[in-house]
Each structure stands twice: as structure tokens, then as C-alpha cells.
2 protein chains.
Amino acid sequence: MSILLEATALDDYKSQMNIAKSNLPKIEHAPQTLRDIVQERMRTAIIEGHFAPGERLIERPLCDQLGVSRTVVRETIRFLEAEGLVEIIPNRGPIVALLDWDQAVQIYEIREQLEGSAAAVCAQRYSGDFAKRLGEALAALNATMDDSEWIGVMRATTRFYEIIFTESGHSIAWDIVQRLNGRISRLRVLTLSAKDRPKPGMSHMTAIFEAIISRDADAARAAVEAHILDASTTAQRFLQDETKKAAGDV
Amino acid sequence: MSILLEATALDDYKSQMNIAKSNLPKIEHAPQTLRDIVQERMRTAIIEGHFAPGERLIERPLCDQLGVSRTVVRETIRFLEAEGLVEIIPNRGPIVALLDWDQAVQIYEIREQLEGSAAAVCAQRYSGDFAKRLGEALAALNATMDDSEWIGVMRATTRFYEIIFTESGHSIAWDIVQRLNGRISRLRVLTLSAKDRPKPGMSHMTAIFEAIISRDADAARAAVEAHILDASTTAQRFLQDETKKAAGDV
DNA sequence: TATGGTATGATGGTATACCAAGATATTGGG
DNA sequence: CCCAATATCTTGGTATACCATCATACCATA
């Protein structure tokens, strides 16, 4: 059964539509539309690697798998296209976006700037229970490092940075970073599941944490840069191995 | 007659569809789809201010004005939503995105970093006829400054930065900057058409040009930062005036 | 074997119908 | 005369059917 078919929010939505206003506890009814659900599901399916890069996304099968109309699927694809997660091949239709090393380098560089700034601003301005929350996120990240479930590590990492971006007030930069992360998700999977470097990643995150907490903006930025340099180096190794292997397979 | 109804590419497309393969010089047939045309047209209509911020974008009238089906319009809106040019109000539909000063500040800060980096990289690495091309772009920009057509100034400015980003190889950052510029287009219009500051803008651009040409990366970055600081200061003045006026109107 | 035609499948584009939710107008009762 | 309940209109969301085009694979014939 397809990953897209898991019976969850989509079915809830549909049954809710039919039942309509049968029960009253509809307060706080977040008007989550079908599109939102499908978007979210396809986005995570791509990011988590259930679709291979370059794989075609054929409309009607997707409709069948998701149980929604073409309209919804097409609008979703349009949205993901704008996000850079999907590319449109003229007269052939959408495919999962491909990623070459040049693009990856650019993305790491942009992340370096945006994450570095957010961390620096954070170090200067944080207040309230921010330190506590960031510490908890770091602890949670540390906990995920052991069970080596890359998906958990990725989510914990995201959570860690989300706290930083939120505290710094850089919501737009956070949007951009998340979108860029989606595009290099394949590389993140590779680096996160790399057996030979769970420790360096953790030490970098700890360094970022400590620099922010001690209100050292320059050190915070430097720590972020070190973290991303490490990640990009690891990613490069994998991507080039992969490229070589692909070249050999031909 | 609506801005959207200008008879141009859209009609060409449609008649081309019917004529089909009557004449052979169809080589280099850029497969521009209806969606692409509608997207481009609506994007520029929003950016150039033909739709007011907050204005509702009602599907069926748009279909009538553009002469296309709801599918095309809806997919276009989805794309522009992902671009941040359009917001969806639950149960009310899409509106032209609103912009508050907090968001604008964030956007200026991100632009500062991305444009600064591109200029710095450019200064270090430019080659070929880049200097000549950038000089021509600067001259073109200077020429537009006189006739005070803000649209021309905006395009020339975009062209100037496009050359920088292209030469630096930062294509993804350029995408991001362009998208961000779309979101603050209203502010750019205000600042560009400000009668009291055609000169400062030009002098900043000249400073950027000279710093890059003399391969001084630090100076280039500083010049970009000065330029954006100036732009954001001007923008802030306008936006706050506007806010005050709006408050007074209530 | 090579050429050309055909069948198939996928996409882009269009039209239409239906229902739900909001907004507005209307009308009836106090 | 005012308030409230109802009716109507508009819009958004969804689903479905249809056509034209493009690409590809297959097949038959020279």
C-alpha cells in the first residue's frame, strides 16, 4: 500500500464533510482544506524519500492513491513546483526535483548566512524561558542520536533551529530555510544516517547552544558555520560517491 | 478595460493552438503553456500595483477577464500563494498579500545578506566581459533615473543585480531575492518614485559598481548594505506615513 | 531492416455540476 | 421602528467528463 494511503487526516476530513454539523464540539475548527492535507502529505513523502528524485508524478494515479480529484492534485503540484520540490518537464509533466552539487552548495551557503544571523540575533536578544526551551530541544536531539532513526534526528534538528529562528523573529528566513531544506532533504538523509558522524553533529549543535546561551553572537555565528561546513562536506562525499556509482552503472 | 485583457501573448497562444502546424518555422517552439502566461501576467499585475494589497482575487471574474478556465486561474493562484504574493483567507478566498513593516524589515535584512554576498563573490571572481556588461547596466539605470518612470527604474535595477547574481553563480539566491522583491514591490514603487531621492539611489549603485570592479569584496558588501539601508529607511518613512493616514481615515 | 502508421497513455486545457459556507437582503414579529 | 430569523446570492471547494496534443511503443509492410 502506498505511503500516501495511510488512513489519517484525509479520511477524518472526508467523514467530517459528510457528517457535517452533527456534533457541536467543532470549536477551534482549523479550516484545514483538502489541499492543505494533500500538500503536506506529498511534501513529506518527497522529503522523506518515498519518491525518488526524478520520479514522475503522474496525476491520475496520484488521484487514485490519495482519493482526491485532479483539481486538488494539480493545485498541489503547482504549489510544490513553486517550492522547488517538483519540476515540470514540458509536455511530460511533473517529476520530483533533481539536485546537483552546484545547487546544494548554494543552498548550504544561504543556510549558513540565514542560520548564522538568526543564531547571532538570538544570542543578543533572547529572553524569557528561551534558554530552557533550547536546552530541552538540544537534549531531545541528543536522545534521538542514539536510536539512529534519521527521521527523528531530522525532526529534532528542525525543532532546534525553529526555536532559534522564532526567538530571533526571523520568520521569513525560517520559511526560506525550511524550503531549502526540503530541496536538500536527500542529502540530509544521507548525512544524518551516516554511521561515522553522529558525534560531530551533536558537538556542533552543543557549541551553537552554548554560544547562544552565553550571549556570544560571534561565536554563535561561527558555530553555525562550522556545523554547516561539516554537513556540506559530508554531503559532498556522499553525493560524489553516488555520482561515480551512477556513472559506473551506465 | 482590465490590465489583464491586453491582447498579446495569450491570444497568440490561442490562435497558435488552432492554426496548429500550418507553417514550418516552428523551430524553437518554447512550450509556453497557458498557465505560464497567466502566471506571468498576474504576477506583474500584482507587482506593478494594478491590484491593491488586500484586494480580493475572485476566481470567476478573473476567468472572464483572462478568458481562461477556472482550473488555470486556480493553479496560478496556488503558485502565487507559494510565492508569497497571494494569501488565502479561509472561506473567503485569495487576496493580494498584505505587508507589514516587520516583514519588510526581515526582507530587507535577507536581501542585505544575499545581495552582499553575491557582490562580494563577484568582486573576487568576475571575469570576461562582466565589467563591461555591468557598466552598461549601470549606464542604463542612470538613463532611466531621469525620466522618473518608476517602472523603468525598477527594471533597470533588477537587471543590474541580475548580472551580479549571475556572475557570482548564486542562481538560487537570485530566485529568492526576486521573490522577496515581489513581496515588497509596493515599497519599492514608493521608494523609487520618491522625488526627493533619485540621486542617493544612483550614487549607491555607482559605489557598488566601483567596488566590484576594483575587486574590493568588503567594499562591495558595504556598498550593498548602504544601499539597502537607504532603501529601507525611505520605505519605512512611507509605510509609517501610510499607516498614520489609514489610522486617521478610520 | 527500415520506414511509416497506429494505438496507447499522459498531459494541458475546458466545461459543468454539485455542495458548503459567508454575506447580504428581506421579511416577519415584537 | 427595531431586531431577528430566514431566504437568496455569491463564492470557494470538489468532482467528473471531455477534447486536443504530445510522446512513445508497437506493429505491419515494403
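If you're wondering where the values come from, they're calculated on a predicted model, not measured in any experiment.
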Considering residues at least two apart in sequence or located in another chain, which fulfil the side-chain contact (heavy atoms from CB on, under 4.5 Å) criterion with [X]?
X: B/Pro61; result: B/Ile58
X: A/Gln103; result: A/Leu99, A/Asp100, A/Arg183, B/Ile172
X: A/Val86; result: A/Ile46, A/Leu57, A/Ile77, A/Leu80, A/Ile88, A/Pro94
X: B/Ser185; result: B/Ile47

*Whole-Å gap separating P (D/dT14) and CD (B/Glu59)*: 11 Å

*Under the 3.5 Å rule, do the base of D/dG12 and the side chain of B/Arg56 count as making a donor-acceptor pair?*
no

_For A/Glu87, all residues meeting side-chain hydrogen bond (donor to acceptor under 3.5 Å, both in side chains), sequence neighbours excluded_ = none

_side-chain hydrogen bond (donor to acceptor under 3.5 Å, both in side chains) involving A/Thr233 - partner list, sequence neighbours excluded_ = none

*Would you check if there is a donor-acceptor pair between the side chains of A/Ser117 and B/Glu109 at a distance under 3.5 Å?*
no

Between the protein and nucleotides 24-26 of chain D, which nitrogen or oxygen pairs come in under 3.5 angstrom?
none

*Contacts to DNA chain D from residues 69-76 of chain B, heavy-atom cutoff under 4.0 Å, which residues?*
B/Arg70, B/Arg74

*A/Arg60 vs B/Ile89, nearer the 5' end of DNA chain D by closest nucleotide*: B/Ile89

*Among residues two or more places apart or on two chains, list those pairs meeting salt bridge (charged side-chain N to carboxylate O under 4.0 Å, His left out) that have a residue in residues 44-56 of chain A.*
A/Glu48-A/Arg155

